[in-house]
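Working notes for the structure below.
Each chain gets a letter, A, B and so on, in the order its sequence line appears, and its residues count up from 1.
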Protein chains: 2
Amino acid sequence: MMRFTVVCLALAACGGQVGRAAEPALMPMPVKVEAASGRFLVDANLVVDAGGLSAGRLTPAVGWFLARVSRQTGVPFARQAPAAADAKRLVVECAGGPAYPTLGEDESYTLDVSATEARIKAATVEGAIHGLATFAQLIQPGPEGFQVAGVHIEDRPRYAWRGLMLDVCRHWMPVEVVKRNLDAMAAVKLNVLHWHLSEDEGFRVESKRYPKLQEMGSDGAYYTQEQVRDVVAYARDRGIRVVPEFDVPGHTRSWFPGYPELASAPGPFVLGTTGGGPGGAAMDPSKESTYAFLDGFIGEMAALFPDPYWHVGGDEVNAGAWTSNEAIMAFMHEHNLADARALQVYFNQRLLPIVQKYGKTMLGWDEILFPGLPTDAVIHAWRNHQSLFDAAAQGYRGIMSWGFYLDHLSPAAYYYGNDPLGGPGSENLTPEQAARIMGGEACMWAELIGPDTVDSRVWPTTAAIAERLWSPKEVNDADSMYARLAVVSRNLEFTGVLHRASRQPMLDRLAGDQPAGPIEVVADAVEALGLGTGRAGRPSVWAPVNRFVDAAAPESELVRSMEQAAKRLVADPANDREDAAFLRARFETWAANDAKFQALAEDKALLNEVKPVSKDLSALGVAGLKMLDYLTANQAAPADWLTEENTELTRLSRPPARGPRGAPQAPRADVLLAAFRPVKVLADALGKK
Amino acid sequence: MMRFTVVCLALAACGGQVGRAAEPALMPMPVKVEAASGRFLVDANLVVDAGGLSAGRLTPAVGWFLARVSRQTGVPFARQAPAAADAKRLVVECAGGPAYPTLGEDESYTLDVSATEARIKAATVEGAIHGLATFAQLIQPGPEGFQVAGVHIEDRPRYAWRGLMLDVCRHWMPVEVVKRNLDAMAAVKLNVLHWHLSEDEGFRVESKRYPKLQEMGSDGAYYTQEQVRDVVAYARDRGIRVVPEFDVPGHTRSWFPGYPELASAPGPFVLGTTGGGPGGAAMDPSKESTYAFLDGFIGEMAALFPDPYWHVGGDEVNAGAWTSNEAIMAFMHEHNLADARALQVYFNQRLLPIVQKYGKTMLGWDEILFPGLPTDAVIHAWRNHQSLFDAAAQGYRGIMSWGFYLDHLSPAAYYYGNDPLGGPGSENLTPEQAARIMGGEACMWAELIGPDTVDSRVWPTTAAIAERLWSPKEVNDADSMYARLAVVSRNLEFTGVLHRASRQPMLDRLAGDQPAGPIEVVADAVEALGLGTGRAGRPSVWAPVNRFVDAAAPESELVRSMEQAAKRLVADPANDREDAAFLRARFETWAANDAKFQALAEDKALLNEVKPVSKDLSALGVAGLKMLDYLTANQAAPADWLTEENTELTRLSRPPARGPRGAPQAPRADVLLAAFRPVKVLADALGKK
């Protein structure tokens, strides 16, 4: 068994500064990292030498690696091999492994880098791909050009199932969006794309057998079968399995415009122009024709997806859709099905052999757990952590998405702390039960996002989730994670995702023909609120994704660095001039910004909701400047004033309150003014004087 | 004849501030713009109603328009038509026109926008596309959402040939790079992509008849014929002709590895790893087999390109390649060809009937002008302006690229002032001769650029060239151009080009795992030097494009705004507090930056050359602060000190000097520290005290 040692090069200097790690920031952190001597230069003479294993999946994987490293360094790698004497050899020793990534295969690798050679050893292509991803993260500009410092790494994943679920239905995500996210997934060693392909608001795959599914169940935006095969191959070449989800029997309203006979209500159905949610019709489980259709459909689709796991969805079935239908009620009575829950069990019992007939193992959201479900099925926990433990206790394997919902826009630290095998209840698991918990998936539901914003909601947060799922349990220091995440966030841009690049055009859009500077100042100081974490209601999925909140990040890097500066400053207010100057400059910018913002926003509808936020930000700037003055002069602040400011800081620390029902609502920007945090640090210090 | 009136909505407030025009900034400026009442809302109910003309080129053009407007507004346009009562109709009245864009066709259009309707009228699809491009530039965020203010526009181009030449050979440009540049070209009404497809350093198109051209004449990067057809169709749908160039008989070294029998030297040939230039072998004009090959090749390629014009190159033939070959010399003697020039005339006389045989009209660089060249040939002037006038005087049509070389990285104002029908010599042209001057092309040679940087060298500069070629001659105010260009530059990002977005990752690459802030401060204050305008020598085209200069813009928007602020300040130093504060903040940032920069750059080879620039910038910041103090206090500066500073400012105003030949050269960043300009304004004002 591999010895477990974390020699975290990055930890030592991590606490102090956002965006600066003492050594190359790896994420996920490997099991073992030991510095070695020398440095390996990465220039045009780099050659990836995979020995005899030139065929199969390794060749495209090396192509992916070189393209990414080329973007990272600006070095175009020679397509023809350089002369042997000049070659910088990155040797990949790899026995091979299956042609398609396989759950549970050996993903371990070692990486040794010296001045003369880099060498990855892995049992499988999967491990080799992970080694290449680690090597790419290690590349840094150095005294002679780009380099990797000498190192010895041993690594393997803690969990076998490390996924990202992407909802491409509620808002359409074109192929290039999926592909660039696959590139980023590979960079942080995720190995499952859970592709949520049908939903109330849209059916997103071409069926040749039932073409009205996509023709009447979408707005024209769907993947052709050729595109599906292309994406599956693209993922495979990056070590990523693709698990499709066609959610049944609920969340199926987009199936019904083309095939109303599947529905629990008479129709006619028109693809909705209103929001999602669990209401509305479901599939009719009482008709034989429903199962015949599903057999035909799954038979067609199963051939597109080589992965042996098949996600049937199964969540949030609207009981009323069945209990309000007399024929279905009669069927339930006839079959002794006491309630809608029992009817869903019946449905799943009928669905199971269809899925099995096409060689697939059933996987579903935690509602699918029912008596008689074979224990090779996999339970996908989303409602709570306990459902995962319950499933494991009953003999089922499980994966966790509870606590990994990216649409909540929670802080990375929240997701990072969410260990599938941690938390209350985990202590009761036997080792055998614990072994059934295979990992987890970050879930990117698409009510609030579009192709322009999805990257900024998935990244860099998902890198922290990837570390939770890959690295040893003991790698759990949030400060270290944030310090490395700031570096990894920039590094991820070289994979092709646009989580950073997409922001400026969104701000420019709001500013029209004027410079967006004043909007950017506010955007840097806020954090976007997500579904269930302060966002005002569930919006129409048909609304434009073009608000200020859509350009704002879930976490503010600027505010984090200011908060850290404030903490250092209050520890030594008389001498810490650098932090004082940094904070003063930012507070001055805030204080002066509102006048500019209001002038810019005056005639722009989309900025109305941001006006109060901007006003609050400038007030924070003014307060922060005063607090700096008191602190650096070692004076006490007037008690009344400080009390008032603290009241204001408390107000700002909470998502904006909704007014009484029915009353006219003030516009809400759906952001938290995170800027209160560094000011609070100063206020707390003054309060102790 | 259309009445010519420029009612420049944007001009009034243009002088003062970079990045802010009083009204939507149009570029190219139309012939006539008149404000009208009302505003037309651009929301999800927008419908482009092209009447009966749903077939043909207009349909994809409307798709292009909607995709661009969707990025610009964040509004996803309904694929299904909204109810008639809700529809916001943008009516396109258009008679049709040719299936492929045609030189000289009627490109005029009118655009009328009111609260209830927008209407484009055009004779051809070409005109309709231009009207759509104007409409998109008019969209602004407003009090009720995105809108176009009421307007009446009449417009038509001054020149019929408005092109961009893209060299995809010296550095390879993948299809997506070409496509996104086509999208941006259409946005500024350019109508020709001159695609430079073969060059000494690479042959970039698949030939099925002579496959060794691309196989041995490239590093594996070339367009398949399917991709060529795809790009040509993509351009056509945006109103853009594609004119291919296969440069002969010089610049042909990439042809020779596969087909050494074409060459004037015995070979063997290996695709070079050194720079371009006019040296080396050329095609052998003395062999019949050369013409047989060209006949076969042009015959194959002509079928790929529907445009009737065929660019034969013809520039910079190395006379020595011919005169050093005994067989060629014997051939010249035999045919009474006195010199290499005469031999090139012979070559062109043989080439001409081949080009004509495949239905093409010959077009070539100005060296091709020879006795007997038919007057339907087109002369492409690059060596000087006079060659264009000479050709016109001799009865040839011509286009101009002299003065439009984007690789020089000249200021936009330089290109903007370069009227094909202006300057010395133009006054001698008869109206008939003047009418032969059809327009011009911006030339993007690719010695110094790669796919990451090409956009930032083409845009936004080429928008100014597009205005020169489209708008009335009288539209020539550089201040107005710059004010609108700042807006158009941001707006162009919505077409898909990455001239702004590509910068940050390039800076991040230089900074490695540290925040790039200190590098960005320097990058904002410099201007990249181009070939022939201060850049140190001609680099190897095989070198990485990853230096600091590659991330720097040809013109600094920040420095321009500081220079303008300085000019306002010196006019009223006692009262202009806003400009003083703006300048002070920037000078403070500069003054404090070098310490941070040097710490960051310490161990990074790629930043060595930038260290002196950073040092100079901080010194400028310190000097600027002192000058601000003197000016705002209405004090005279010490004469000695001011003299010293002026000496320094003069030094900085020139590209860095090269040391003596043979001596060790200090590293040169190949940038001009534009930051000297606002400081010079202050110094000049102090000098008058």
Side-chain angles (χ1 to χ4, degrees), chain A residues 18-21 23-25 43-44 71-76 78-80 139-146 171-172 219-221 450 452 486-487 490-491 493-494 498 500-502 504-506 508-516 542 544-547 550 581 585 588 592 603-607, chain B residues 18-21 23-25 43-44 71-76 78-80 139-146 171-172 219-221 450 452 486-487 490-491 493-494 498 500-502 504-506 508-516 542 544-547 550 581 585 588 592 603-607:
Chain A
V18 161
R20 176 69 176 112
E23 296 294 330
D43 58 24
R71 269 195 299 267
Q72 185 170 342
T73 60
V75 176
R79 284 160 193 257
Q80 277 118 357
I139 297 171
Q140 286 293 316
E144 297 170 78
F146 288 95
H171 282 92
W172 167 243
D219 53 4
D452 291 342
V487 179
R490 296 191 293 268
N491 197 269
E493 285 256 323
F494 301 120
L498 302 173
R500 298 176 82 90
S502 62
Q504 191 63 48
M506 298 186 73
D508 288 342
R509 169 198 287 164
L510 294 169
D513 61 5
Q514 300 178 52
W542 310 95
V545 184
N546 62 6
R547 291 170 60 202
D550 299 314
E588 281 173 354
D603 56 353
K604 298 184 177 66
L606 280 165
L607 292 175
Chain B
V18 162
R20 175 67 175 113
E23 297 294 330
D43 60 23
R71 271 196 299 269
Q72 185 170 343
T73 60
V75 176
R79 284 160 193 258
Q80 277 118 358
I139 297 171
Q140 286 293 316
E144 297 170 77
F146 289 95
H171 281 92
W172 167 244
D219 53 3
D452 291 343
V487 179
R490 297 192 294 268
N491 197 269
E493 286 256 323
F494 300 120
L498 303 173
R500 299 175 80 90
S502 62
Q504 191 63 48
M506 297 186 73
D508 288 343
R509 168 198 288 164
L510 295 169
D513 62 3
Q514 300 180 52
W542 311 94
V545 184
N546 63 4
R547 292 169 61 201
D550 299 314
E588 282 174 353
D603 56 354
K604 297 184 177 68
L606 279 166
L607 292 176

Interface moiety of Val545(A) toward chain B, non-hydrogen atoms closer than 4.5 Å: backbone
Can you tell me how far CD of Glu493(B) sits from CZ of Arg509(A), rounded to the nearest 0.5 angstrom? 12.0 Å
Pro544(B) to Pro76(A) - nearest heavy-atom pair and separation: CA-CD, 3.9 Å
Per-residue tally against chain A (heavy atom, under 4.5 Å) across Leu606(B), Thr73(B), Asn491(B) peaks at Thr73(B)
Hey, is the main chain of Asp513(A) close enough, under 3.5 Å, to the side chain of Arg490(B) for a donor-acceptor pair? yes
Do you know which two heavy atoms are closest between Ala605(B) and Pro143(A), and how far apart they sit? CB-O, 3.2 Å
With sequence neighbours excluded, tell me which residues meet side-chain contact (heavy atoms from CB on, under 4.5 Å) with Ala516(A). Gln504(A), Leu507(A), Asp508(A), Ala511(A)
Where does Leu510(B) contact chain A at under 4.5 Å (heavy atoms): side chain, backbone, both or neither? backbone
What option among Pro505(A), Gly145(A), Ala581(A), Ser502(A) has the most heavy-atom pairs under 4.5 Å with chain B? Pro505(A)
Most heavy-atom pairs under 4.5 angstrom with chain A, which of Gly512(B), Gly450(B), Ala501(B)? Gly512(B)
